[in-house]
Amino acid sequence: MKNMDWTQLSFKYSKTNTVLTCLYKDGKWGPVQSQTPDSINLTVFSPSLHYGMSCFEGLKAFRGVDGKVRIFRPDENARRMQSSAGFLGIPCPDEELFQRMCIQAVQENIDFLPPYDLRAALYIRPILITTLPSINLVPQQDGIMFMVITLPVGSYAGTVLDPIKTVIARDYDRAAPNGSGSVKVGGNYACAMNATGVAVKQGYKDVLFLNPETKNIDEFSSANFFGIKGNIYVTPCAKTILPSITNKSLRQVAQDLGMVVERRDVAVEELSTFNEVGQCGTAVVITPVSLIDDKVALGADKVAASYSYPTECGARSLELYNTLTGIQYGEIEDKHGWCTIL
Ligand code: PLP
Ligand code: COI
């Protein structure tokens with residue numbers, strides 16, 4: 001391991017050893033290339049720049065208590081990228097190539113995998129873009145580039161011990177009713193970014209988007225929503241929500257812990273009935289939410305309604321967090337076979 005300064009670890013850009021690229025050309029994926037500069041040569045006519053022809057994934061590698069390196073559920077990310085690429089209408093690497101490149105990227109950047117006692121991770125970001133020059137609105141079938149980049153990460157916004165304040169974005173939609181909400185395309189993040197920026201300026205850490213049709217709870221800009229009511233784990237279900245792999249895992253963990261899982265519509269008014277509320281996702285892991293403000297518009301001064309939760313992580317959220325991360329760090333038996341051990 002390199003002599004790294006791990007003290008500043010949050011969720012931000014840092015340079016690692018290598019990035020991997022692989023080009024789909026003449027109907028097949030070419031060799032995997034490893035390079036040190038984290039820049040590529042791309043025509044300014046690439047539709048990935050103009051038309052948002054890009055999708056990506058996010059997963060993590062962990063250094064376990066036993067010293068082993070574990071990647072959490074890469075098969076799920078591989079399949080979700082296929083669904084995102086299918087939405088865009090472009091070729092996508094199969095599960096084998098996806099996982100092989102993720103593993104190689106971790107191996108080549110193992111110096112940047114934080115030690116076990118920091119309970120941090122090496123974030124893996126697979127990206128798929130179109131690279132040929134074009135100005136037309138037809139999905140390219142050639143010159144598709146698959147890349148895998150990595151970076152060491154700590155907490156994203158808050159931590160499990162540091163709940164965050166959030167606000168409902170009533171005057172912004174993250175997704176359209178029959179749009180791209182359920183896939184991980186770049187455009188979704190473009191839609192969410194300014195709303196998040198406006199909220200951050202007001203002291204919130206994230207925005208909570210409502211469903212564009214029903215106005216029920218959808219999800220945060222960076223994570224899924226869950227609420228705890230007694231022994232029940234409640235999480236919204238809609239075709240505008242990204243199917244989070246963390247949330248899927250937590251639903252299983254909740255069941256394993258004897259909780260009841262409900263995946264259904266959640267009306268804004270129901271927010272007053274939860275004992276605990278949290279974000280879940282790869283970057284945020286579980287980040288408890290201590291406040292959700294509801295305003296007519298993000299820029300408005302007046303808060304129409306406020307929903308408050310414990311300012312320390314609730315017992316149920318903490319139990320879920322400890323179990324999930326326990327599996328990821330090799331402390332708890334991985335009985336569902338979620339981790340790929342390198
Ligand atoms: N929702 C959005 C909008 C996200 O960006 C993410 C992050 O990937 C999630 C949910 C959580 O998904 P996952 O748990 O698969 O990381
Ligand atoms: C992730 O959690 O992996 C994401 O892609 C969310 C992103 C906003 C960092």
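One-based numbering, in listed order, for ligands and for the atoms of each. What you see below is based on every heavy atom in this structure, not just the backbone, and it leaves out hydrogens, waters and symmetry mates.
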Fill in the blank from the handout: Rounding to 0.5 Å, atoms CD (Gln33) and CE (Met145) come to a distance of 8.5 Å
Fill in the blank from the handout: Taking only non-hydrogen atoms of Gly281 and a 4.0 Å limit, the atoms of ligand 1 in range are 11 (C), 14 (O), 16 (O)
Exercise for the section: Answer with yes or no whether the side chains of Asp293 and Ser306 bring together a donor and an acceptor at under 3.5 Å. Expected result: yes
Fill in the blank from the handout: Contact region, Ser221 to ligand 1, non-hydrogen atoms below 4.0 Å, reads backbone
Exercise for the section: Answer yes or no for Glu57: is there a heavy-atom contact with ligand 2 below 4.0 Å? Expected result: no
Completion exercise
Taking only non-hydrogen atoms of Glu219 and a 4.0 Å limit, the atoms of ligand 1 in range are 1 (N), 2 (C), 3 (C), 10 (C)
Handout entry: Any Lys248 heavy atom less than 4.0 Å to ligand 1
Key = no
Practice task
Cation-pi check, Lys60 to Phe72: give yes when NZ or CZ is under 6.0 Å from the six-membered ring centre and within 45° of the ring axis, no otherwise.
Solution key: no
Exercise for the section: Return yes when Glu57 approaches ligand 1 closer than 4.0 angstrom through a heavy atom, no otherwise. Expected result: no
Practice task
Give a yes-or-no answer on whether the side chains of Glu276 and Ser317 include a donor-acceptor pair shorter than 3.5 Å.
Solution key: yes
Handout entry: Protein residue, atom and distance nearest to atom 5 (O) of ligand 2, heavy-atom basis
Key = Lys184 NZ, 2.8 Å
Practice task
Would you kindly say whether Gln252 and Lys335 are connected by a side-chain donor-acceptor distance under 3.5 Å?
Solution key: no
Problem - Contact with ligand 1 for Ala192, non-hydrogen, under 4.0 angstrom - result: no
Fill in the blank from the handout: To atom 1 (C) of ligand 2, the nearest of Phe11, Tyr123, Tyr156 on a heavy-atom basis is Tyr123
Exercise for the section: Determine whether the side chains of Asp206 and Gln279 contain a donor N or O and an acceptor N or O closer than 3.5 Å. Expected result: yes
Fill in the blank from the handout: So the atoms of ligand 1 within less than 4.0 Å of a heavy atom of Tyr189 turn out to be 2 (C), 3 (C), 4 (C), 5 (O)
Handout entry: Tyr189 ring center near Phe56 ring center (under 6.0 Å)
Key = yes
Practice task
Kindly state whether the ring of Phe11 and the ring of Tyr123 have centres lying under 6.0 angstrom apart.
Solution key: yes
Problem - Atom indices of ligand 2, in the order listed, that fall short of 4.0 Å to a heavy atom of Thr282 - result: 2 (O), 3 (O)
Handout entry: Tyr233-Asn247 side chain donor-acceptor pair, cut-off 3.5 Å
Key = yes
Practice task
Tell me which protein heavy atom sits closest to atom 6 (C) of ligand 2, plus the residue, atom name and distance to 0.1 Å.
Solution key: Ser222 O, 3.8 Å
Problem - Ala283, any N or O under 3.5 Å of ligand 2 N or O - result: yes
Exercise for the section: Rounded to the nearest 0.5 Å, what's the gap from CZ on Arg316 to NZ on Lys229? Could you check? Expected result: 15.0 Å
Exercise for the section: Ignoring angles and geometry beyond distance, decide whether Ile245 reaches within less than 3.5 Å of ligand 1 through its nitrogen or oxygen atoms. Expected result: yes
Practice task
Check whether the side chains of Glu270 and Tyr307 place a donor and an acceptor atom closer than 3.5 Å, and report yes or no.
Solution key: no
Fill in the blank from the handout: Which of Asp111, Thr36, Asp38 passes side-chain hydrogen bond (donor to acceptor under 3.5 Å, both in side chains) with Asn17? It is Asp111
Handout entry: Which of the ligand 2 atoms, numbered from 1, are nearer than 4.0 Å to a heavy atom of Phe56
Key = 5 (O)
Exercise for the section: Please say whether Arg125 places an N or O atom under 3.5 Å from an N or O atom belonging to ligand 2. Expected result: yes
Exercise for the section: Work out whether the distance between some heavy atom of Lys184 and some atom of ligand 1 is less than 4.0 Å. Expected result: yes
Exercise for the section: Using a strict cut-off of 4.0 Å, indicate which atoms of ligand 1 neighbour a heavy atom of Leu242. Expected result: 1 (N), 2 (C), 4 (C), 6 (C), 9 (C), 10 (C)
Handout entry: Polar contact flag for Thr246 and ligand 1 (N/O pairs, less than 3.5 Å)
Key = yes
Handout entry: Pair Thr150, Arg125: side-chain N/O donor-acceptor within cut-off below 3.5 Å
Key = no
Handout entry: Flag for Ser34-Glu108: side-chain donor and acceptor within less than 3.5 Å
Key = yes
Fill in the blank from the handout: One finds that the ligand 1 atoms under 4.0 Å from a non-hydrogen atom of Ser244 are 11 (C), 12 (O), 13 (P), 14 (O), 15 (O)
Practice task
Just jot down the ligand 1 atoms closer than 4.0 angstrom to any heavy atom of Thr282, in number order.
Solution key: 13 (P), 14 (O), 16 (O)
Practice task
Answer yes or no: does an N/O atom from Tyr189 fall short of 3.5 Å to an N/O atom of ligand 2?
Solution key: no
Problem - Heavy atom of the protein closest to atom 6 (C) of ligand 1 (residue, atom name, distance) - result: Ser222 O, 3.4 Å
